[in-house]
2 protein chains.
Amino acid sequence: MFGASTRLGPVSPAAVTVDLVILTVREETLHVLLVERGNEPYRGLPALPGGYVRDGETLDAAAARELEEETGLAAHRLHLEQLRAYGEPGRDPRGRIFTVAYLALGPELPVPSAGTDARAALWSPVGPYLDGTDELAFDHGMILRDALERARSQLEYTTVAAAFCAEPFTVADLRRVYEVVWDVPLDPSNFRRKVTKAERFLVPTGDRRMLDAGRPAALYRRGDARLLSPPLLRGA
Amino acid sequence: MFGASTRLGPVSPAAVTVDLVILTVREETLHVLLVERGNEPYRGLPALPGGYVRDGETLDAAAARELEEETGLAAHRLHLEQLRAYGEPGRDPRGRIFTVAYLALGPELPVPSAGTDARAALWSPVGPYLDGTDELAFDHGMILRDALERARSQLEYTTVAAAFCAEPFTVADLRRVYEVVWDVPLDPSNFRRKVTKAERFLVPTGDRRMLDAGRPAALYRRGDARLLSPPLLRGA
DNA sequence: TCAAAAGTGTTTTCAGTACACCCATGC
DNA sequence: GCATGGGTGTACTGAAAACACTTTTGA
């Protein structure tokens, strides 16, 4: 299988992992699910959840499996998509390990409890890892930055923002997702017009939600549209 | 290095390759560089150029090396970016081989000549591979489709279209790239306004190019802008 | 003078923005 | 009533589309 190495140059077998950037919005802040490393290297540092791709397993299946193991949630309830591959020779001191990063977006999930397969997983605000205040193991800081940039641009052209909302949700819930991820305030009335006009983005349930104050808000579920047309552009 | 398999499940070492989707515009048609497979599996079928990632080599470096080996052109003269990873267990009958696909865009290049390291590489129109008329080896048909979709959307938000043009080029050259890749006719006057107004997209050389007929066209080089703002949207 | 391609100007339309205003609820 | 957030109406603005028109070349 690796006989080609003699003609193509030195090629040793490698390991392939998947790493997950699982994002959610909690308390008006974007959070990412991190696990604390129990072993060297980077023992004690937070890292993205992930693991080896098993024999006979597709990349998507490995990502879905790890997602379920770490969050306890069925992967089909979250938006899960491949981000890109990372393979710097020195990214893991144990050897040549390639990783395929996945981006998962979901509503505020129950914090995975210790004692399960999850190793001390916890939701952390993304801020300190983006500005360099805090460190992540391996090249996970870079992966997180890439994932966030992908998420930001996905909000413009696709309907994934709704994946951040637990159903049923209001237009204001959805707007808060955009405001948190893009870190810009949006005009509530114009936002409502755009998302309700977009075909098959939001499906009204007919119900309303009452809060402490104010008029009850109409409730929606995610529609089956995946692309958002027209797109919802961030400020130029 | 693979000791973790006992805890994580069956994990055997794997091979990692890079595959290149090298696109260019020739004779008003989008072409992709393909090589004919000389060995099993898929002997005789066209395939994307690619090869194993070597020890100590980054993914980007492996892609650039393969690009130079197959086209004879310096990689820095082409736009080269990672597309995504593919790792279906059955995608290569020889074993578990993951591949990281790259998208390369360039001007009409000299056809790589046989006798070099390149194995009978040739430019082929993409059409028959997209509509299923012709087959590619492995899962390269899917990779080509994904790459083309990426290229199409990249034209909207980035300045990569200029990578298809040999410098210096005219606004009409650039417009033809958009028309060929998107397969839609564009209004020449509105197109000109948009691309010349975009900051740092085009740098006028001051020269003009004369054709058989018509007024000489101003010549441009690529500017240093990477993002195109405002974006150039395809018809809704 | 004509054909052909480059390039400019103008009108119309339409989407995004800003913001005034009305609605429905709890207190 | 009043505060609070939900939701509608509307005028303003700027970019995109359509297309008439001018410019500059070769034949």
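Naming: A, B, ... by sequence-line order, numbering from 1 per chain.
Between B:Y157 and B:L233 the shortest side-chain heavy-atom distance falls below 4.5 Å. For the pair B:L232 and B:F191, the minimum side-chain heavy-atom distance is below 4.5 Å.
For the side chain to side chain contact (heavy atoms under 4.5 Å, CB included) with A:Y220, the qualifying choice from A:D173, A:V195, A:V171 is A:V171, the only one to do so.
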Using a 4.0 Å cut-off on protein heavy atoms (strictly under), produce a 5'-to-3' string for nucleotides 18-27 of chain D with B for base contact, S for backbone-only sugar-phosphate contact, and - for none. BB---BBBS-
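At distances below 3.5 Å, not a single donor-acceptor pair connects side-chain atoms of B:T158 with backbone N or O atoms of B:L155. Not one N or O on the side chain of B:R84 forms a donor-acceptor pair closer than 3.5 Å with the backbone of B:A101. B:D187 places a side-chain N or O within 3.5 Å of a backbone atom of B:N190 that can act as its donor or acceptor partner.
Summarising the geometry of A:S124 relative to A:L34, their closest heavy-atom pair is OG-CD1, 3.7 Å, with the distance given to 0.1 Å.
Atom pair B:R175:CZ and C:dG7:C1' shows a separation of 11 Å (rounding to whole Å applied). Rounded to an integer number of Å, the gap from A:D173 CG to D:dG5 P is 13 Å. Separating the CG atom of A:L233 from the P atom of D:dA15 is a distance of 13 Å, rounded to the nearest angstrom. Regarding B:R192, its CZ atom lies at a distance of 8 Å from the P atom of C:dA6, rounded to whole Å. In this structure, the CG atom of B:L174 is 12 Å from the P atom of C:dA6, given to the nearest Å. The distance between atom CD of A:E156 and atom P of C:dG16, rounded to the nearest whole Å, is 12 Å. To the nearest angstrom, C1' of C:dA5 lies 14 Å from CG of B:L219. Regarding B:Y178, its OH atom lies at a distance of 15 Å from the C1' atom of D:dA16, rounded to whole Å.
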Between A:L148 and A:V21, does a side chain to side chain contact (heavy atoms under 4.5 Å, CB included) hold up when you go through it step by step? CA-CA 9 Å; A:L148 188 53; A:V21 180; over 6 Å; no
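Residues from residues 195-207 of chain A placing a heavy atom under 4.0 Å of any atom in DNA chain D do not occur. Contacts with DNA chain C (heavy atom under 4.0 Å) in residues 165-172 of chain B: B:A172, listed by number.
The aromatic rings of A:H140 and A:F138 lie tilted to each other, with the angle between the two planes from 30° to 60°.
Under the 3.5 Å distance criterion, with hydrogens and angles disregarded, a donor-acceptor pair is assigned to the side chains of B:D146 and B:Y86. No side-chain donor from either of A:T58 and A:D60 sits under 3.5 Å from a side-chain acceptor of the other.
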